[in-house]
Amino acid sequence: MRAALRLRGAISLLLVLLVWEVVSRLGIAPARYFPGLADIFAGAVGMIRNGELPAAEAMTLARAVAGLVLATLIGIALAVLSDVSPFFERGFRTITGLLQPIPPAAIVPLAIFGFGLGLKLYVFIIVMVTIWGPYLNGVTALRAVPVEQILSSRMMRMTPAQIMWHVKLPAAMPQIFAGIRYAAAVSLIAVVVSEMIAGRDGIGYLLVRKSFSIRIPETFALMFVTMINGVLLAMLVNLARRVLTGWHVRQMGYPA
């Protein structure tokens, strides 16, 4: 099952790359603005050799992971608080409706005044736009825990805190991780957009530099690197999911 899924994914990727190369070689799009894969690869190698790409990659990934981890912890904590306190949940629902639609680019200018240019700026922006996946999925999952499990736990004289930690959170974790995986993609978007607007390093900053310098192969290479980063973050989330909810992964037969 997993091997078949991976094979189909590899075939789909190869088809996309083949179409890309055919379009480039036939001149369907202007060659200057739609380079072939060899030119894009050469652009990536050049940035690796001069050290631009490794430095930018390390900064962007570190920011995305740091923001995602913090957003996940805060989102789960707020979900637990909403489950424990309906009063808090009703009040926070309004705040969620107001803040959730705000795009990362709209937060950057005001965040600069509060946090300056540095890691705190990126982490704040990532948290502001990625917290909603873990939070909303957490609220729904905690409410969906079967009442029989809760009643059985009470019969075993477990405290509310023990029921939350040993019963409700483990049962909710698979659905929470669905929200975390979505948040991982949003965190990468947030950090790249922030680097493009207010960065002095990172993939987003390098994208702006190369595009305004009309270095088209390098620009496309950075786009592909960003796509790969999204895959890497998804793999990290899947690894954490297997570690924390391995029983559910085995039971449902989810792909890695």
Side-chain angles (χ1 to χ4, degrees), residues 1-6 8-10 13 54 56-84 96 100 104 119-120 122-146 149 161-195 202-203 225-256:
M1 177 74 175
R2 294 180 182 179
L5 287 173
R6 289 170 180 167
R8 286 199 291 267
L13 177 59
E57 173 74 352
M59 295 300 295
T60 296
L61 273 182
R63 290 162 180 162
V65 171
L68 176 62
V69 170
L70 185 58
T72 297
L73 294 176
I74 296 175
I76 294 175
L78 290 173
V80 170
L81 186 56
S82 294
D83 186 72
V84 172
T96 302
Q100 188 181 3
L119 179 61
K120 290 188 292 185
Y122 300 112
V123 170
F124 173 77
I125 294 170
I126 293 171
V127 169
M128 285 295 295
V129 299
T130 60
I131 192 176
W132 313 115
Y135 169 71
L136 294 173
N137 278 45
V139 170
T140 302
L142 289 171
R143 286 177 178 171
V145 175
Q149 295 183 16
Q162 289 174 326
I163 293 174
M164 176 61 70
W165 183 254
H166 295 290
V167 179
K168 299 188 77 172
L169 270 178
M173 271 299 167
Q175 187 171 343
I176 291 175
F177 265 102
I180 296 173
R181 182 162 185 173
Y182 171 76
V186 177
S187 72
L188 184 61
I189 296 171
V191 71
V192 171
V193 168
S194 302
E195 290 170 348
I203 296 294
V225 168
T226 303
M227 293 165 56
I228 294 172
N229 285 342
V231 175
L232 289 176
L233 285 177
M235 290 173 62
L236 286 175
V237 173
N238 282 336
L239 177 61
R241 183 187 67 182
R242 288 199 301 271
V243 171
L244 296 176
T245 64
W247 59 271
H248 187 263
V249 174
R250 290 189 296 270
Q251 183 182 37
M252 302 302 293
Y254 285 167

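Quick note: numbers below take in every heavy atom, side chains included, and nothing from hydrogens, waters or symmetry partners. What you are looking at is a predicted structure, and each value in this text was computed from that prediction instead of being measured.
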What distance do [X] atom [atom1] and [Y] atom [atom2] have between them, rounded to the nearest 0.5 Å?
X    : Y    : atom1 : atom2 : answer
L169 : I163 : CG    : CD1   : 12.0 Å
N137 : W132 : CG    : CH2   : 13.5 Å
L188 : L232 : CG    : CG    : 9.5 Å
R241 : I176 : CZ    : CD1   : 13.5 Å
S194 : R63  : OG    : CZ    : 9.0 Å
R181 : M235 : CZ    : CE    : 10.5 Å

(request) Return yes if a side-chain donor-acceptor contact under 3.5 Å exists between T60 and E195, otherwise no. (result)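 Yes, because at least one side-chain N or O of T60 sits under 3.5 Å from a partner of the opposite role on E195.
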(message) Filter on salt bridge (charged side-chain N to carboxylate O under 4.0 Å, His left out), then keep only pairs touching residues 125-143, sequence neighbours left out; what's left?
(response)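 Found E89-R143.
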At their closest point, which heavy atom of [X] faces which heavy atom of [Y], and how far apart are they?
X    : Y    : answer
A184 : L233 : O-CD1, 3.6 Å
A183 : P134 : CB-CD, 4.0 Å
M59  : G202 : CB-CA, 4.3 Å

What pairs with [X] under side-chain contact (heavy atoms from CB on, under 4.5 Å), at least two apart in sequence or on another chain?
X    : result
F124 : I107, A111, F115, M128
Q162 : M158, T159, H166
V225 : L53, E57, I203, N229

Please output the side-chain donor-acceptor pairs of residues 67-83 that fall under 3.5 Å, not counting sequence neighbours, one pair per line with the distance.
| unit_1 | atom_1 | unit_2 | atom_2 | d |
| --- | --- | --- | --- | --- |
| T72 | OG1 | L68 | O | 2.8 |
| S82 | OG | L78 | O | 3.0 |
| S82 | OG | Y135 | OH | 2.9 |
| D83 | OD1 | K168 | NZ | 3.4 |
| D83 | OD2 | K168 | NZ | 2.7 |

(request) Give me the one residue out of L61, I180, V65 that meets side-chain contact (heavy atoms from CB on, under 4.5 Å) with L236. (result)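 The residue from L61, I180, V65 that satisfies side-chain contact (heavy atoms from CB on, under 4.5 Å) with L236 turns out to be V65.
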(request) Check V193, I189, V186 against V129 for a side-chain contact (heavy atoms from CB on, under 4.5 Å) and give me the one that passes. (result)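 Looking at V193, I189, V186, the match for V129 under the side-chain contact (heavy atoms from CB on, under 4.5 Å) is V186.
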(request) Would you check, one step at a time, whether the test side-chain contact (heavy atoms from CB on, under 4.5 Å) holds for L136 with Q100? (result) CA-CA 11 Å; L136 294 173; Q100 188 181 3; 3.6 Å; yes
